[in-house]
Amino acid sequence: MTGIEELLLSRIRDVPDYPKPGVVFKDITPLLADPGAFTALTDTLAELSLRHGATKIVGLEARGFILGAPVAVRAGLGFIPVRKAGKLPGATLSQAYQLEYGSAEIEVHAEDLAAGDRVMVVDDVLATGGTAEASLQLVRRAGAEVAGVAVLMELGFLGGRARLEPALAGAPLEALLQL
C-alpha cells in the first residue's frame, strides 16, 4: 500500500448498519475535514486528470461535486455538474439508467460539453457502476470524448468495474482505493 492509499484509508470511517442493517457505509467526511488528506486526494485526482488529457471534469451528484470541483480548480479545468433529473434549469441532456430496484435519471446542461472536450468523470465511490455508466453515455451524447473515470474508492464486491468496462470503451478507470 502506498503512502497516499494509507493516508486516505486512515481518514475513511466505517459506519455499520447504515443506511440499513448489514451495510457498512464508507464515510468520507473525516477525510474532507482533514486539510492535508483532502489536499492529497485533490492533487492526486488532478494529476490523473491531466495525465489522461482531460479538458473538463464532470462531478456526479452529490459527493462527486465535493471532489470534482476542487480537482477542476487544481488542474485548471472547467467543472461540469451531472445532476439528478429536474435539478438543472434550461436545456439539458438526460440519461435514464437501471438501479438494483428501479431506475433513475441524470442530466447535464446541453451546452456545457462539446466536441473537442475530453472529460474525466470524478466521483467518490464506484459501487454497481450504474451512475458512472449513464454519465459516460451523457458525455458522448453531448459530443465530448471520455478521458476516463476517477474515483476515491471502488467497492469491488459490487461488480461496478465489470459493468462499466463496455461503456469505458478503452478509457481508463482509476480507483485510488480498492475495497
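We number each residue from 1, following the sequence as shown.
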Salt bridge present between E107 and K87 (N-O < 4.0 angstrom): no

Selection residues 20-49 - residue pairs positive for ring pair (Phe, Tyr, Trp, His ring centres under 6.0 Å), sequence neighbours left out: Y18-F25

Atom pair CZ/NZ of R13 and K26 - distance to nearest 0.5 Å: 12.0 Å

Nearest heavy atoms of R141 and S94, plus distance in Å: NH1-O, 2.5 Å

Euclidean distance, D34 CG relative to I28 CD1, rounded to 0.5 Å: 13.0 Å

Distance-minimising heavy-atom pair for A169 and R140: CB-NH2, 3.8 Å

Contact summary for F65 and P81, nearest pair of heavy atoms: CE2-CB, 3.7 Å

Among T44, D43, T42, the one residue meeting side-chain hydrogen bond (donor to acceptor under 3.5 Å, both in side chains) with R74: D43

Beyond-backbone contact of P172 with V149, side-chain heavy atoms, under 4.5 angstrom: no

Main-chain N/O of V119 paired to D117 side chain as donor or acceptor, under 3.5 Å: no

Between OG1 on residue T55 and CZ on residue R118, distance to nearest 0.5 Å: 8.0 Å

Side chains of I80 and L113 in contact at under 4.5 Å (non-hydrogen atoms): yes

Within-4.5 Å side-chain heavy-atom neighbours: K56 and M120: no

Donor-acceptor contact below 3.5 Å, side chain T39 vs main chain G36: no

Side chain to side chain, L179 and E154, heavy atoms closer than 4.5 Å: no

R63/D123 ion pair, N-O < 4.0 Å: no

Nearest atoms (heavy-atom pairs only) where V139 meets E145: CG1-O, 3.9 Å

Residues clustered with V73, ILVMFWY side-chain links under 4.5 angstrom: none

Heavy-atom closest contact (F79 atom, A72 atom, distance): CB-CB, 3.8 Å

Which atom of A75 lies closest to which atom of L50, heavy atoms considered: O-CD2, 3.7 Å

L48, L9, V151 screened by side chain to side chain contact (heavy atoms under 4.5 Å, CB included) with L176, the one that passes: L48

Verify same cluster id: L60, L88 (apolar side-chain graph, 4.5 Å): no

Side chain to side chain, L32 and L67, heavy atoms closer than 4.5 Å: yes

Salt-bridge contact K84-E105 (side-chain N to carboxylate O under 4.0 Å): no

Within-4.5 Å side-chain heavy-atom neighbours: L168 and L136: yes

Side-chain donor-acceptor contact under 3.5 Å, Q98 with S103: no

Nearest-0.5 Å distance that lies between atom CG in L126 and atom CG in L177: 12.5 Å

Gap between atom CG of L31 and atom CD1 of I66 - 0.5 Å precision: 11.0 Å

Side-chain heavy-atom pair V122, V58 within 4.5 angstrom cut-off: no

Side chains of R11 and E6 in contact at under 4.5 Å (non-hydrogen atoms): no

Euclidean distance, I106 CD1 relative to Y97 OH, rounded to 0.5 Å: 6.0 Å

Hydrophobic cluster membership, F157 vs M153, 4.5 Å side-chain cutoff: yes

